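These notes concern the structure reproduced below.
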Amino acid sequence: MIVAENLTKIYDNGTKGIDHLSLRIDNGEFVFVVGSSGSGKTTLVKLLLREIMPTEGKLIVNGEDLSVLTRGQMPFYRRRMGVVFQDFRLLPNKTIYENVAFAMQIVGASNRDIRRSVPSVLALVGLQRKAKAYPDQLSGGEQQRTALARAIVGKPPFLLADEPTGNLDPDTAWDIVTLLEDINDRGTTVLVATHAKDIVDQMKKRVITLRNGNLVRDIEKGGYRDEF
Amino acid sequence: MNFRSFSYTVMEAFRSLIKNRLMSAASIITLSSCLFMVSISFCLAVNLDYLMIQMESMMSITVYLEDGISVENINDLIERVNAIPFVSHMEFISSEQALERFKADLEDSAHILDGLDKDNPLPNSLVLDIDGLDHWDYVENSLNGLKEYGIETIQHGRQAANALMTINNLLRIIGALVIAGLGVISVVIIFNTIRIAVNNRKIEINIMKYVGATDAFIRGPFIVEGMIIGILGAVIPLAAVYALYDPVMNFLLDSLPVMDFLFRSRVYVFSLLTPLLFTVGVMIGIAGSTISIRRHLNV
Ligand SMILES: Nc1ncnc2c1ncn2[C@@H]1O[C@H](COP(=O)(O)OP(=O)(O)OP(=O)(O)O)[C@@H](O)[C@H]1O
Ligand SMILES: [Mg+2]
């Protein structure tokens, strides 16, 4: 369960990324976070990953207050947060296969487990034939799918996806969203920040709308821009 | 650390070395050059010290005794000289023995001394070895105080001793300056090499943190990489010194007018140099990696 209370992030230059946001996401939910560019979606994802610290307010994940996480606890917290970053963040010196395997190596998975899991996850995102390529040899959409494969290979209880369909053609975008839904069906809480109007409208999931870092709408089984 | 993470760590270290081979080669060459210069200084220092020890042992004070001194007086004087501290060895050479040695030194021309046997002009003497050049003055002063007990003259190698001491001190100072200078240069070069390496890896370290890797897991391969660079950085100068030591020393022996001095053997030098270079190399390697990633683990 994710609980935000009066969550506020003011960047060093004075810009408000998130402004007194309060919300609650239960385990097992599938949530779209929408809003125009600069509304604070990425800021929320970064706060959830504790890449940045809130200026004010609280963020509690499964009972753990993120502001009191120690340095030693942080890696273990982050392993439970599968993340697809808006800028992918793949390791440039590792192949696609190795990038995905890395998420398993850090938790000390055996080589046998890695050899079994990685190819099947790569197949799931349609990248089995790119396993030996390096990130800079892939298209934006392929890098994005690699990032998704890395996020889900460890079967984390939470999955945060920032624009997971941003660089994809409509068909592939739908494949990815269907994949996210599958993952959600298996019990993972999924939060997707997106601009993809069609997808949000058709999925009929919970939609949280941000504007200037604030929550302006929160609708069960909503669309991208439902009537008020 | 279990075997899985250990093998991951070592594999990653080698992969990274190969992947960044230009950078790795630059670090290894830098380190090798510095350690090579350290090796040269070390060889010089070891051999100069050895030379000094040999010279010190060759230097002695000769005390000539008065003509016609009685046996009791000789024994009395020997006792008094023996009581002077820092005299490590004393030899009494009678005038007859002195003549014999002189003849032996002249070898074929010894016949020119024929006839001197009856009227031997050489005095009785005491030859003193002194325990360290520093104590030369002290011993000499003590001998001067014993003049009334039958000492004719004291032939001191004082000037030679002084010159030797000056050279020794000068070489020590120069050696220290050279090593200090090399140390500063090494640190500056290695620091810069590391800074470049850090910037190359900043993004990588960040990503690893966000995906949930622990500090130890991230640090491991970098440290092993530093160790490998340190070991290779030590092996190269060691190999060079091993190949060059004997030829250079033989060349020096042939071309310098250093009579009968000995140089330290290659085996002796290596028994000291090998652990020294490996320790320094690995320490610099580990320190470099640790410093280079510490800042970037803070995310
Ligand atoms: N590092 C930063 N320093 C200063 N301001 C920032 C920083 N990152 C984001 N911002 C600002 O915070 C606000 C929210 O940005 P955020 O990236 O969260 O928007 P977003 O909803 O993800 O937008 P997009 O849909 O374009 O990805 C914006 O006004 C942005 O300019
Ligand atoms: Mg964004």
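Note that the structure is predicted; figures quoted are calculated from it, not measured. Worth knowing before you read on, the calculation uses all heavy atoms, side chains too, and leaves out hydrogens, waters and symmetry mates. Below, chain A is the first sequence line, B the second, and so on; all start at residue 1.
Proximity to chain B (any heavy atom under 4.5 Å) is shown, for A/Arg80, by neither the backbone nor the side chain. Using a 4.5 Å cut-off between heavy atoms, A/Tyr77 makes no contact with chain B at all. Using a 4.5 Å cut-off between heavy atoms, A/Ala151 does not touch chain B at all.
Taking 4.5 Å as the heavy-atom cut-off, none of the residues of residues 31-45 of chain A approach chain B. Contacts between residues 111-143 of chain A and chain B, counted as heavy-atom pairs separated by less than 4.5 Å, involve A/Asn111, A/Tyr134. For residues 85-100 of chain A, heavy-atom neighbours of chain B at less than 4.5 Å comprise A/Phe85, A/Arg89, A/Leu90, A/Leu91, A/Asn93, A/Lys94, A/Glu98, sorted by residue number.
The side-chain heavy atoms of B/Tyr210 and A/Leu49, taken from C-beta on, include a pair separated by under 4.5 Å. Using a 4.5 Å heavy-atom cutoff, the side chains of A/Ile106 and B/Thr214 are not in contact. With a 4.5 Å cut-off on side-chain heavy atoms, B/Lys209 and A/Arg78 count as touching.
Within a 6.0 Å radius of OH in A/Tyr11, more than 12 heavy atoms belonging to other residues, nucleotides or ligands are found. Residue A/Met53 places its CE atom among more than 12 non-hydrogen atoms of other residues, nucleotides or ligands, all under 6.0 Å distant. The number of heavy-atom neighbours closer than 6.0 Å to CG of B/Leu177, taken from other residues, nucleotides and ligands shown, is above 12. Heavy atoms of other residues, nucleotides or ligands lying less than 6.0 angstrom from CG of A/Asn13 number more than 12.
With sequence neighbours left out, B/Phe270 forms a ring-ring contact (aromatic ring centres under 6.0 Å, His included) with B/Tyr242.
Annotation for B/Gly212 and A/Pro75: closest pair O-CB, 3.4 Å, computed over non-hydrogen atoms.
Taking OH of B/Tyr8 as the start and CZ of A/Phe102 as the end, the distance is 4.5 Å to the nearest 0.5 Å.
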